[in-house]
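Worksheet: the structure to be examined is printed underneath.
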There are 2 protein chains.
Amino acid sequence: MSTTELTPAEMAERTGVSIDTLRYYEREGLLSNVARADSGHRRYSDDDALWVEVLRCLRDTGMTIEQLRRYCDLGAQGDYTEPERRRILTDHRALVEAQIEERHIALALIDHKLSFYSNDEEESG
Amino acid sequence: MSTTELTPAEMAERTGVSIDTLRYYEREGLLSNVARADSGHRRYSDDDALWVEVLRCLRDTGMTIEQLRRYCDLGAQGDYTEPERRRILTDHRALVEAQIEERHIALALIDHKLSFYSNDEEESG
DNA sequence: CAACAACCTGGACTGCACTCCAGGTCAACC
DNA sequence: GGTTGACCTGGAGTGCAGTCCAGGTTGTTG
């Protein structure tokens, strides 16, 4: 339903993903059916922008390009792939929860180490 | 105070860090003064093992080798570097907190996407 | 003492996820 | 109509963090 058309530069600005990376994602099959102007230049839709934000979210939490490609390929293949797609997401969900746990442990360790340093505050110059 | 001496294989087993990576960390200055047997073979102490676990914890939460080297170098330089070491840790602490926050957002996004899939459970075969 | 495993060194290689480049096209403005 | 800037393509290059390898030494075991 979105009519907005974003140029590559606008898309990069909006999503925080570089133009090169946007092209890379497209090449790798993570982003398909990107519209083109008569000139051949890409025109991204709002939906493309939302999807790229999802991609970034999953990438930033450790999903690999390979896994994302698999997920996208399944989506293109039809409804019958839903179970596997759901499984990919639930697996990744578990990974993210493990990462959170791991990071809580890291916070405790950092705090422990910090407690060994002298307690007087110091203004940084 | 630790008298235990661990061979490279035992150290790898204990810390979950490969022998090659242990040597790599040593080369990069993240692990110094590793003892040697008369044969020239490394003998790691319990303290080395604890420190490697700290290294892994920081690495796994995104601290780079470069930053870890900096931290180690400072430690070797004396007490007057404490403020900077404390700063490195507090900076990294903030990063880890941001990562936790980011991951909570990711969980919400994953759950949102999962909610679009049919709600009936499916036994995996 | 032969052979085998574990270790040593310096240096080359790998995989991942980008990132950059050359050479060319398109649109707009002067 | 020439130049400027955004964009195009295919392919090469980068940086990080390991990981692997060749060629050699040590030390244990039959």
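Numbers restart at 1 for each chain; the letters A, B, ... are given by sequence-line order, proteins then strands.
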Within the structure shown, what part of the strands sits under 4.0 Å from B:Ala37 by heavy-atom distance: base, sugar-phosphate, or nothing? nothing
Separation of C:dA17 atom C1' from A:Leu58 atom CG, nearest Å, is 16 Å
Whichever of B:Arg56 and B:Gly40 has the more 5' nearest nucleotide on DNA chain D, that residue is B:Arg56
Legend entry - Side-chain N or O of B:Ser18 closer than 4.0 Å to phosphate OP1/OP2 of D:dT19: yes
At under 4.0 Å, does any side-chain N or O of A:Thr21 touch on OP1 or OP2 of C:dA17?
no
Rounded to whole Å, the CG-C1' distance (A:Asp60 to C:dA17) equals 12 Å
- Query: B:Gln67 and B:Thr64: side-chain donor and acceptor closer than 3.5 Å?
  - Reply: yes
Rounded to whole Å, the CD1-C1' distance (A:Ile19 to D:dG5) equals 12 Å
- Tell me whether the OP1 or OP2 atom of C:dG11 has a side-chain N or O from B:Arg27 closer than 4.0 Å. no
Using only side-chain N and O atoms of B:Tyr25, determine if any of them is under 4.0 Å from OP1 or OP2 of D:dG18.
-> yes
Practice prompt. Would you classify A:Arg69 as touching base, sugar-phosphate or nothing, given that sugar-phosphate means primed atoms plus P, OP1 and OP2, and contacts are heavy atoms under 4.0 Å?
Written response: nothing
Could you tell me whether A:Glu13 atom CD has more than 12 heavy atoms of other residues or ligands within 6.0 Å of it?
no
Rounded to whole Å, CD of A:Glu26 lies from P of C:dC18 at a distance of 15 Å
- Query: Any side-chain donor-acceptor pair under 3.5 Å between A:Arg69 and A:Tyr25?
  - Reply: no
Winner on side-chain proximity to B:Ile65, out of D:dG18, D:dC7, C:dC18, is D:dG18
Of the listed D:dC7, C:dC7, D:dA17, the closest approach to the A:Pro8 side chain comes from D:dC7
Whole-Å distance, A:Glu66 CD to C:dT14 C1', equals 17 Å
Compare side-chain N and O positions of B:Arg23 against OP1 and OP2 of D:dA17 and report whether any pair is under 4.0 Å apart. no
So, does B:Arg59 get its side chain near the phosphate of D:dG18, meaning an N or O under 4.0 Å from OP1 or OP2?
yes
Distance test, side-chain N/O of B:Ser39 to OP1/OP2 of D:dT25, below 4.0 Å: no
Tell me whether the OP1 or OP2 atom of D:dA6 has a side-chain N or O from A:Arg43 closer than 4.0 Å. no
Per atom distances to the B:Thr64 side chain, the nearest of D:dC7, D:dA17, C:dT9 is D:dA17
message: With a 4.0 Å limit, can you tell me whether A:Arg42 has a side-chain N or O closer than that to the phosphate oxygens OP1/OP2 of D:dC8?
response: yes
- Are a donor atom and an acceptor atom from the side chains of B:Thr61 and B:His92 found within less than 3.5 Å of each other? yes
Rounded to whole Å, the CG-P distance (A:Asp20 to D:dG13) equals 16 Å
If you count the non-hydrogen atoms of other residues, nucleotides and ligands that lie under 6.0 Å from CZ in B:Arg70, is the total more than 12? no
Rounded to whole Å, CG of A:Leu22 lies from P of C:dC20 at a distance of 14 Å
Here the salt bridge (charged side-chain N to carboxylate O under 4.0 Å, His left out) pairs for residues 31-41 of chain A, sequence neighbours left out, are A:Glu26-A:Arg36
Rounded to whole Å, OH of A:Tyr24 lies from P of D:dG10 at a distance of 16 Å
